[in-house]
Amino acid sequence: MISLLLKKLGVLIPTFFGVTLVAFIFIRLLPGDPVMLMAGERGMSEERHAEMMQVFGYDRPLYEQYLSYLGDLVQGDLGNSIITKRPVLEEFMTLFPATVELSLCAIILAILLGLPAGVIAATRRGSAFDHTVMTGALTGYSMPIFWWGLLLIILFSGILGWTPVSGRISLFYYFEPVTGFMLIDSLLSGEKGAFLSAVSHLILPSIVLATIPLAVIARQTRSAMLEVLGEDYVRTARAKGLGPGRVIGLHTLRNAMIPVITVIGLQVGVLFAGAILTETIFSWPGIGKWMVDSIFRRDYPSVQGGLLMIAAVVMIVNLIVDLLYGLINPQIRHTD
Amino acid sequence: MSEAIANQEGFDAQQSGRLALFKEFWSYFSENRGAVIGMIFFFCVVLVAIFANFIAPHSATEQFRDAFLQPPFWQVGGEWRFPLGTDAVGRDVLSRLIYGSRYSLFIGCIVVSVSLVFGVVLGLCAGFFRGKVDIVIMRVMDVVLAFPSLLLALVLVAILGPSLINAMIAIAIVQQPHYVRLTRAAVLGETTKDYVTAARGIGVGKLRLMFVTILPNCMAPLIVQAALSFSSAILDAAALGFLGMGAQPPTPEWGTMLAEAREFILRAWWVVTFPGVAILTTVLAINLMGDGLRDALDPKLKRS
């Protein structure tokens with residue numbers, strides 16, 4: 001297990017340095033230099049420009065700049081937002097729980113629906129249910145989720161009037177964030193109806209964000225189940241006279257879960273990409289919307305910091321998934 | 001004389017070999033009904049794109065000042081002049097969708113060709129030369145894959161400036177690591193085989209070995225990947241267009257049309273619904289085809 005961890009870290013650490021390099025170069029590839037970016041449309045005099053270049057260290061050689069950027073990173077300094085002047089890391093951390101809350105709800109929804117759908121489709125291969133699940137999954141996989149979100153808004157918010165259109169909670173409620181998770185905070189606040197309001201705001205975004213992971217999980221579960229169902233030991237278990245529940249639940253599911261868990265882990269990146277679109281449609285105050293807004297506001301330090309943080313989160317989650325994979329699959333654990 | 005006949009026979013054998021291969025492929029492919037439906041639909045979209053000038057009732061950018069946000073013909077207030085209604089500035093939705101198919105197919109073709117060519121060359125180099133070349137290429141690809149694809153594409157467009165071409169470049173860069181990985185894996189599997197050793201033995205040059213001997217045997221997974229990334233290129237380009245970072249108005253690109261329609265969602269459902277239907281059905285058709293291709297080409301995944 002330790003050797004697996006070391007092996008993974010051996011790949012991860014150089015990749016992370018690559019990521020920091022991308023984030024570092026990003027701001028320097030933009031047209032104009034960073035100081036002119038900060039000055040915005042007002043511009044500034046030549047002397048002031050040179051002075052600022054020196055203050056921020058942009059006149060030093062690139063490798064020195066990169067080293068000092070890394071040094072700042074180690075101390076948790078991702079620079080300050082041009083717009084709000086607050087530290088980028090602080091902004092990221094304030095908004096991050098909103099994205100985590102939405103992503104967790106989406107992935108739980110995707111697993112709760114996708115796993116059983118895949119299992120049942122595999123056990124009833126060729127049935128009408130199987131065809132429906134597979135067609136639905138491929139449709140979900142092909143879905144432009146930004147359009148899907150708009151459709152759901154038209155139906156559930158416009159025509160039926162069941163759910164709110166945007167935000168995390170109704171404006172009637174206000175309380176200090178404790179955990180940053182609206183579902184928990186609204187319960188802690190003790191205000192009547194706050195929790196229900198938070199839930200109703202979460203429903204549509206969760207469905208939209210869950211669509212693609214749900215499709216992927218259902219497809220993967222089905223094909224993993226089919227593979228395991230064809231194995232000799234399953235036939236043996238059946239021949240021993242075990243009931244279908246035991247064969248599926250005990251012998252098949254456990255082994256079929258191995259590839260499925262990897263696929264679930266890989267959805268973290270998909271969720272972040274989806275969050276960019278979902279949060280924009282539903283005005284959800286999370287990382288995805290913040291990134292898009294920062295790009296449009298030309299708040300490049302925020303874009304740079306966000307890019308780095310998101311890549312770091314994706315890498316860490318993937319590492320955890322890899323380790324989990326090693327934990328449940330002895331084959332991986334024991335190879336070299 | 002006899003040499004000519006031998007040549008001719010060799011040629012015929014090659015031809016019939018290819019024909020047999022194609023027949024085998026088709027028999028697997030046509031077994032999958034979804035794949036055939038997807039293919040037919042895709043060819044229809046291609047035809048629509050080619051003959052857009054003749055099919056579309058109006059120009060994609062012509063504004064009819066007497067018909068703003070007119071509903072489709074079957075609704076009250078709709079008329080046959082605009083079968084799927086008009087948008088907020090009086091342009092015919094159907095005509096814009098028809099012209100939009102050109103952009104989507106164009107995006108798919110360009111993105112797939114660019115990422116395929118670069119990805120295959122890099123993957124061949126990594127798998128063939130191994131050592132430092134391999135490590136450098138694969139580490140760089142790992143870095144690209146560490147970012148969520150849409151996010152990286154967005155940031156690249158922010159650097160390059162929002163336009164359709166830049167969006168395509170960004171998407172191609174983001175997709176290319178998949179080709180590199182696939183090609184490398186396939187090359188690693190092939191290089192140890194006897195025919196490669198034999199080719200090396202008779203002194204075949206490196207370039208010829210890479211591109212003529214090994215590459216054709218690595219094509220199956222690449223073709224499948226090309227089909228799948230064709231559809232995700234269309235989706236990503238539409239998403240970038242929707243966020244305002246892809247094709248710019250008044251281009252009738254489907255994602256951009258959705259972005260323009262967003263503020264009217266509760267007043268005029270048709271301006272929002274139809275571009276999305278176009279994206280969904282096209283992408284779905286290509287994915288269906290991709291599934292069929294995978295079943296037919298990839299022996300490991302072939303249904304028993």
Side-chain angles (χ1 to χ4, degrees), chain A residues 11-12 14-19 21-23 26-27 29-31 131 134-135 138-139 141-148 150-151 153-155 157-159 165 223 230 268-277 280-281 288 291-292 294-296 298 300 303-304 306-307 310-312 314-315 318, chain B residues 34 38 135 138-162 231-232 234-236 238-239 241-245 254-255 258-259 261-262 265-267 269 272-273 275-288 291 301 303-304:
Chain A
V11 179
L12 211 63
T15 311
F16 184 72
F17 276 105
V19 167
L21 202 58
V22 170
F26 156 73
I27 217 159
L29 283 180
L30 291 162
H131 285 300
M134 290 327 285
T135 313
L138 199 65
T139 312
Y141 186 70
S142 313
M143 188 65 86
I145 58 168
F146 43 98
W147 172 70
W148 177 226
L150 295 179
L151 273 197
I153 291 179
I154 293 181
L155 180 63
S157 308
I159 299 175
V165 178
S223 70
V268 188
V270 176
L271 284 173
F272 264 116
I276 293 173
L277 296 166
T280 305
I281 298 166
M291 285 299 280
V292 174
S294 298
I295 287 176
F296 275 107
R298 299 179 174 273
Y300 293 119
V303 178
Q304 183 187 33
L307 196 61
I310 291 174
V314 172
M315 285 164 74
N318 283 344
Chain B
I135 292 175
M138 294 323 284
R139 283 298 91 82
V140 172
M141 293 306 132
D142 280 346
V143 172
V144 176
L145 285 173
F147 298 99
S149 59
L150 185 64
L151 178 68
L152 189 57
L154 252 181
V155 170
L156 286 172
V157 174
I159 297 173
L160 299 168
S231 62
S232 59
I234 294 180
L235 270 184
D236 281 356
F242 179 74
L243 291 172
M245 297 300 252
W254 294 337
L258 272 175
R262 234 186 105 184
I265 54 170
L266 296 179
R267 278 202 288 149
W269 59 269
V272 179
T273 311
V277 172
I279 302 173
L280 174 62
T281 47
T282 309
V283 170
L284 181 61
I286 299 167
N287 281 341
L288 279 169
D291 270 10
L301 298 164
R303 292 181 206 168
S304 39

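Because only heavy atoms are used, hydrogens play no part in the values below, and waters and symmetry mates are left out as well, while side chains stay in.
- For a residue to count as touching a neighbouring chain, one of its non-hydrogen atoms must lie under 4.5 Å from one of that chain's; by this rule L138(A) touches chain B with backbone and side chain alike.
- Here the shortest heavy-atom pairing between P144(A) and G276(B) reads CG-O, 4.2 Å.
- Within the 4.5 angstrom heavy-atom criterion, no atom of V144(B) approaches chain A.
- Contact of the V314(A) side chain with the P148(B) side chain is registered, since non-hydrogen atoms from C-beta on lie closer than 4.5 Å.
- Contact tally against chain B (heavy-atom pairs below 4.5 Å) for V270(A), V303(A), T280(A): the top residue is T280(A).
- Residues L243(B) and I295(A) form no side-chain contact, since every pair of their non-hydrogen atoms from C-beta on lies 4.5 Å or further apart.
- Proximity to chain A (any heavy atom under 4.5 Å) is shown, for L288(B), by both the backbone and the side chain.
- When the shell of 6.0 Å around CZ of F17(A) is examined, it contains 12 or fewer heavy atoms from other residues, nucleotides or ligands.
- Each of I145(A), L21(A), L150(A) has some count of heavy-atom pairs under 4.5 Å with chain B, and the biggest count is that of L150(A).
- Within the 4.5 Å cutoff, side-chain heavy atoms of F147(B) are placed close to those of V22(A).
- Looking at residues two or more places apart in sequence or on another chain, you find no ring-ring contact (aromatic ring centres under 6.0 Å, His included) involving W148(A).
- Within the 4.5 angstrom heavy-atom criterion, atoms from both the backbone and the side chain of V19(A) approach chain B.
- Looking at heavy atoms from C-beta onward, L154(B) lies out of side-chain contact with M291(A) at the 4.5 angstrom threshold.
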- Task: Test side chain to side chain contact (heavy atoms under 4.5 Å, CB included) on N287(B) and Y141(A) and set out the steps.
- Result: CA-CA 9 Å; N287(B) 281 341; Y141(A) 186 70; 3.7 Å; yes
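- We find the CH2-CG distance between W147(A) and L280(B) to be 5.5 Å, quoted to the nearest 0.5 Å.
- Here the CD1-OG1 distance, from I154(A) to T273(B), works out to 4.5 Å after rounding to the nearest 0.5 Å.
- The distance from the CD1 atom of I153(A) to the CD1 atom of I265(B) is 4.5 Å, given to the nearest 0.5 Å.
- No other option in A312(A), G158(A), A311(A) has as many heavy-atom pairs under 4.5 Å with chain B as A311(A).
- Interface summary for chain B: among M315(A), M134(A), M143(A), the most heavy-atom pairs under 4.5 angstrom belong to M143(A).
- Chain A forms more heavy-atom pairs under 4.5 Å with one residue of L266(B), L145(B), V155(B) than with any other, namely V155(B).
- Residues R139(B) and V11(A) meet the side-chain proximity criterion, which asks for heavy atoms closer than 4.5 Å.
- Side-chain atoms of F26(A) and I159(B), non-hydrogen and from C-beta on, do get closer than 4.5 Å to each other.
- With rounding to the nearest 0.5 angstrom, the CD1 atom of I286(B) is 9.0 Å from the OG atom of S142(A).
- Here CZ of F146(A) is found 9.0 Å from CG of L150(B). Values are rounded to the nearest 0.5 Å.
- Here the straight-line distance linking atom CZ of F242(B) with atom CD1 of I276(A) works out to 13.0 Å at 0.5 Å rounding.
- Of the atoms belonging to L307(A), heavy atoms from both backbone and side chain fall under 4.5 Å from chain B.
- I281(A) touches chain B through backbone and side chain together, each having a heavy atom under 4.5 Å away.
- Of the atoms belonging to D291(B), it is side-chain heavy atoms, and not backbone ones, that fall under 4.5 Å from chain A.
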